Amino acid sequence: MSTESLLIISGVVLSAVAILVFLIYYLVATKGSVVAEVAEKSGYQDKDVFIRDQTWGKPRYLSWSVLSANDAKSIGLRYIFTSLLFLFLAGAIGVFMRISLVDPNPTIITPIVYNVLLTQHAVLMIYMFALGSAIGLAYYLLPTELRLKRDDLGRYSSFAYWVWLLGGVLFFISQSSMRWYMYPPLSLQMQTYGAGLYNSVGIFAVELIFIGVLMASIIVLRIILIDRSDDIPLSKMPIFAWAMVFTAIMLISSALPLMVGVAMLFYDVFNPIFFLKDPLTFAVIFWFWGHPVVYLAVLPAFGLMYDVITRFTKRPMYSYSSGVFSLGLLMILSELVWGHHLLNSGLGIDWVLFFTTSSFFVAIPSAITIFNMIATLWTAKKIRITTPMLFVLNAILDFTLGGVAGVMLANQSVNEIAHGTYFVTGHFHFIFVGVTLGVFMAIFYLLYPTFSHGRTYDTRLARWHFYFTAVGSFLMSVSWEVGGFIGMPRAVAGYFPQFQPYQDSAILGGVIIGIGQLIFLYNIAKSWSTVPTVDPSNILEYRTETNDPIESSDLGPIAAKEEGGSGV
Amino acid sequence: MQNIEKLITSFLIISIVIGIVAYFILGFLFSLHFIGVPGVPASQEAQPIIATGIAAMAFTILFMMYPVVKFGVKNDEGDDFR
Amino acid sequence: MTFKNAGIGFTVIVIVVVALSFGYIGVSHIAASSSLTPPPHAKTNHTAYTHLWADANGWDYNHGKINPTLYYNVTTLVHWNVTEEDNAPHTLTIAYDGAYSVALFDKINSTIATSPLTWEKSPSYTIIGTNLLTGLNTGQTVHATYPFLKGGIYTYWCTVHPTTMFGIIVVAG
Amino acid sequence: MNSKTRTELLYVVVVLVVLMAAAGLNIVYVLGHESNIATAKDPSTVPAGSTVINVTGYQWAWQFTYPNGTSSTDVLWVHVNTEYTFQVISKDVIHDLLIPALGLQVYAVPGHPNQVSFSVNKVGSYIFECVEYCGEDHYLMRGTMEVLS
């Protein structure tokens, strides 16, 4: 393409973007001035405070104003729907990666493109979807669940959101192919065959994501521990709030060392003094954060699973105190096991001994949590199998299969055989797709009337979405685990021909999951255009204390509202 | 409370049987695939752990599916069918 | 521009973002159909036969000078015979460095040994790929032809072992 | 200690016992096979009578250098029932040599040479591959181990 046409095209594109940005700014500014006027009239100096008081306690539905208003629920909705957008993007990348492996030699895409998609799939799923949805649901559910006394951190949360979003977008634009654990010297190899030409932007983008996520978790921690209303003691707090407390503490305590590590890596790009002598030092710093982050993706989901189970069995949790205790124990132990990612890196026998043993004991809190959930089912007289409940039951099943595979991996003999193979990929896709994605979908369906201002989703489509996702993820993860155990290597654009049956059955599973998510997208659009028929009150906010039996009133939330427990 | 204990013990027995069967199947499969040192000793050491894992999976699945099948009610009409 | 129906608005945004993202990755990585791709049945006045041993330690590793510099006249149809010598997959890939000049040749010749990767840049053209040089049947010879229609200095290398298998081709005229 | 906590405690104790047994089995294996686990290169701990093979991982091939000076790329010739020790180093980025049938795995890290010992008890041809992502042709960094009698 000659430079003249390049100039013309870039000129046209830039001017189009400029017009679009001006249009958005114009709309936001005019609306802002109108609201400022109204705020002025009703005696507020600051329009944000006016907006916050207007929307206080009312169910917040999705609209463009969510991007400008900075009350906690609007920011929650921003996080939730941005993480859902990234779920679709990274999911589409994942399914496309799977399809490209239909043949032992790379035929559909070149290995370089496959490696870029591989890195984007991992980073966007973990940082943008898993963490984004956890923070989003915290911002959206906690304000009314804990009946917050004040909500004055809007500007910081809004800043954290935009930094986090900028980080995600920059990372995608950087076309980095350094894998999500950024091992130097590969992450410093700025070539297409290495970490990508613009990988310095990729490393910088990861730092931005950390800044955004760190700020958000500090704010969530403050909301729960300080702004909570005085008549909710810690012993009566909803279990989801407890899960978010532990998630935030774990994030803050494990993200900081790596933020320094990524800054050092960024400096190494220009003057390699830190990590080229022994690259394993960065690997050690990274996995100190690397393992807690996978628990960050699961802990909020545990809290929400308790909410869904208690809602559809109408029984309190089997044991509230042991539920909270096990989530706390999970937070502590999860920061002691990260070394099992480096058992074969030659760091010594004591390293192997300590981290394999600690990795066995990290299974205890998860086992207690699963027991607690299933025991709640046993105490129920009637379990209403709605789609959210199906997702949560499948989450328990998948977490068991994935979790036990994880305990197997904690064993050095299995780790020697299966580290770096698809067995590990199968292990964590059981948990990520089963629990993180599954519980997010359950909560999305529960909150659908609140998001859409009173509309209900099409339950038949929702069931199809569930069955496709459950079957697809089971087939994909199991065929990976079997293939991986006999040596099928991970993250490869091509493979030995004898692994083709395992890869092809995993492709079938991946495509089934993809179809399931398309059904979900269609369901969102179709059901949003129906006439609002249902009370849009956020049903997750009513029962603040998940351990108070509402079995006496076998009524739904609407009746509970008249009953006075309006949660406002 | 009496029959729940009976149920749980029956689940336990079923899952232990599944574990033992898995132990022998794994033994046969590993002998085909693994050779030499550390291959053979590693697979022999991994065999009981994976078999116990499979037994634990079986027990948890039975433990969960029983109440779902027994108390589960499919109709989601009712007051709010979210 | 307010979407009455936020659900459809969100769905449209999802579809647009996913499409743009795949377009972005695709466009920036489609190997620019380099000017090196030979036009079908190009008219060549000379033919030349070159035999290379593909060895991960260097072209012709055990057979005379390693990574030899090859000389051809312009409009030469080169018949490549590449014999696999070890069990590794290989490729024969070339890239155009520039019109011939002694300064350019010395510059490449002096720096290619220390940093071969600087000269192994895209757009490149793979004459023989890993589907032929699979590394599974050592001793087998693979045959391919490539017409050099533009004079100048080329670099030839193996993309699987770019730091050991590299060399210079000079096309005179 | 109502019945609820008792059942929960019983469950936790059973889980704890199973995990401790597994952890014990694992410790026994690790302590029994220290030379078969990748550790930092230390010539003094090479098992007696073990032939040392130097392995160099570089972007996108494995090179094995045998004691008699000869070397081979992407193929490894070993004899059955003899003890070998890999001393592994990488020339550019982090690689990880896995021989699935042997259950053997060792990281090739530039600046951190590693060592692991093994022996093969069956003749035949077994695959090996790189299982630590190392760039464009990471999937081509593989080959076969030929076990000769």
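Given the structure is predicted, the values throughout are model-derived calculations rather than measurements. Sequence lines set the chain letters: A, B, ... in the order given, protein chains first and strands last, and positions in each chain run from 1.
- Looking at D:L31, the atoms closer than 4.5 Å to chain A (heavy atoms on both sides) all sit in the side chain, from C-beta outward.
- Top candidate by heavy-atom pairs under 4.5 Å with chain D, chosen from A:L342, A:L186, A:I112, A:I417, is A:L186.
- At a heavy-atom cut-off of under 4.5 Å, chain A is reached by D:Q59, D:W60 from residues 59-73 of chain D, listed in order of number.
- When each of D:I127, D:V88, D:L25, D:V12 is checked for heavy-atom pairs under 4.5 Å with chain A, D:I127 comes out on top.
- Side-chain N or O atoms of A:N411 include none that pairs as donor or acceptor with a backbone N or O of D:N26 at under 3.5 Å.
- Across all their heavy atoms, D:G135 and A:N115 have their closest contact at O-ND2, 3.2 Å.
- With hydrogens and angles disregarded, no donor-acceptor distance shorter than 3.5 Å links the side chain of A:Y183 to the backbone of D:E132.
- Looking at A:Q191, neither its backbone nor its side chain comes within 4.5 Å of chain D, counting heavy atoms on both sides.
- In plain terms, the two heavy atoms of A:F360 and D:A22 that are nearest each other are CE2-CB, 3.6 Å.
- Using a 4.5 Å cut-off between heavy atoms, D:Y133 contacts chain A through both its backbone and its side chain.
- Distance check, rounded to the nearest 0.5 Å: CG of D:N36 to CD of A:Q412 gives 10.0 Å.
- With chain A as partner, the option from D:L98, D:V109, D:V93, D:V106 having the largest number of non-hydrogen pairs under 4.5 angstrom is D:V93.
- Using a 4.5 Å cut-off between heavy atoms, D:I27 contacts chain A through both its backbone and its side chain.
- For the pair A:F361/D:M20, a side-chain contact is recorded, criterion being any heavy-atom separation below 4.5 Å from C-beta on.
- Side-chain contact between A:Y318 and D:T7: present, with at least one pair of heavy atoms (C-beta onward) separated by less than 4.5 Å.
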- request: Might you work through the side chain to side chain donor-acceptor pair (under 3.5 Å) test for A:E416 and D:Y29, ending with a clear yes or no?
  value: CA-CA 12 Å; A:E416 266 172 14; D:Y29 172 77; 3.0 Å; yes

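- Looking at A:Y495 and D:E129, their side chains never come closer than 4.5 Å, going by heavy atoms from C-beta outward.
- Residue contact with chain A, scored on non-hydrogen atoms closer than 4.5 Å, involves the backbone and the side chain of D:E8 alike.
- In this structure, D:Q105 contributes its side chain and A:H419 its backbone to a donor-acceptor pair below 3.5 Å.
- Closest heavy-atom contact between A:H341 and D:Y107: O-OH, 4.2 Å.
- When heavy atoms are compared at a cutoff of 4.5 Å, A:Y181 approaches chain D solely by way of its side chain, counted from C-beta outward.
- Among A:M178, A:Q189, A:K277, the residue with the largest count of heavy-atom pairs under 4.5 Å with chain D is A:Q189.
- Within the 4.5 Å cutoff, no side-chain heavy atoms of A:I374 are placed close to those of D:Y11.
- Between D:E136 and A:T192 the shortest side-chain heavy-atom distance does not fall below 4.5 Å.
- Most heavy-atom pairs under 4.5 Å with chain D: of the set A:A195, A:S187, A:A493, A:A375, this distinction falls to A:A493.
- Of all the listed residues (A:D278, A:T110, A:I349), the one sharing the greatest number of non-hydrogen pairs under 4.5 Å with chain D is A:I349.
- Contact record, A:P489 with D:V131: CB-CG1, 3.8 Å, taken as the closest heavy-atom pair.
- Across all non-hydrogen atoms, the minimal contact from D:I94 to A:P279 is CD1-CB, 3.8 Å.
- At distances below 3.5 Å, not a single donor-acceptor pair connects side-chain atoms of D:H138 with backbone N or O atoms of A:V492.
- Taking both residues in full, the closest heavy atoms of A:P111 and D:D137 are given as CG-OD1, 4.3 Å, listed atom of the first, atom of the second, then distance.
- Looking at A:V414, there are no atoms closer than 4.5 Å to chain D (heavy atoms on both sides), in backbone or side chain.
- Residue contact with chain D, scored on non-hydrogen atoms closer than 4.5 Å, involves the side chain of A:N372 exclusively.
- Between the side chain of A:N344 and the main chain of D:I37, no donor-acceptor pair closer than 3.5 Å is present.
- For a residue to count as touching a neighbouring chain, one of its non-hydrogen atoms must lie under 4.5 Å from one of that chain's; by this rule A:I486 touches chain D with the backbone only.
- Most heavy-atom pairs under 4.5 Å with chain D: of the set A:P185, A:S345, A:A491, this distinction falls to A:S345.
- When side chains are defined from C-beta on, D:Y139 counts as touching A:P106, because their heavy atoms get closer than 4.5 Å.
- Each of D:Q115, D:R142, D:E34 has some count of heavy-atom pairs under 4.5 Å with chain A, and the biggest count is that of D:R142.
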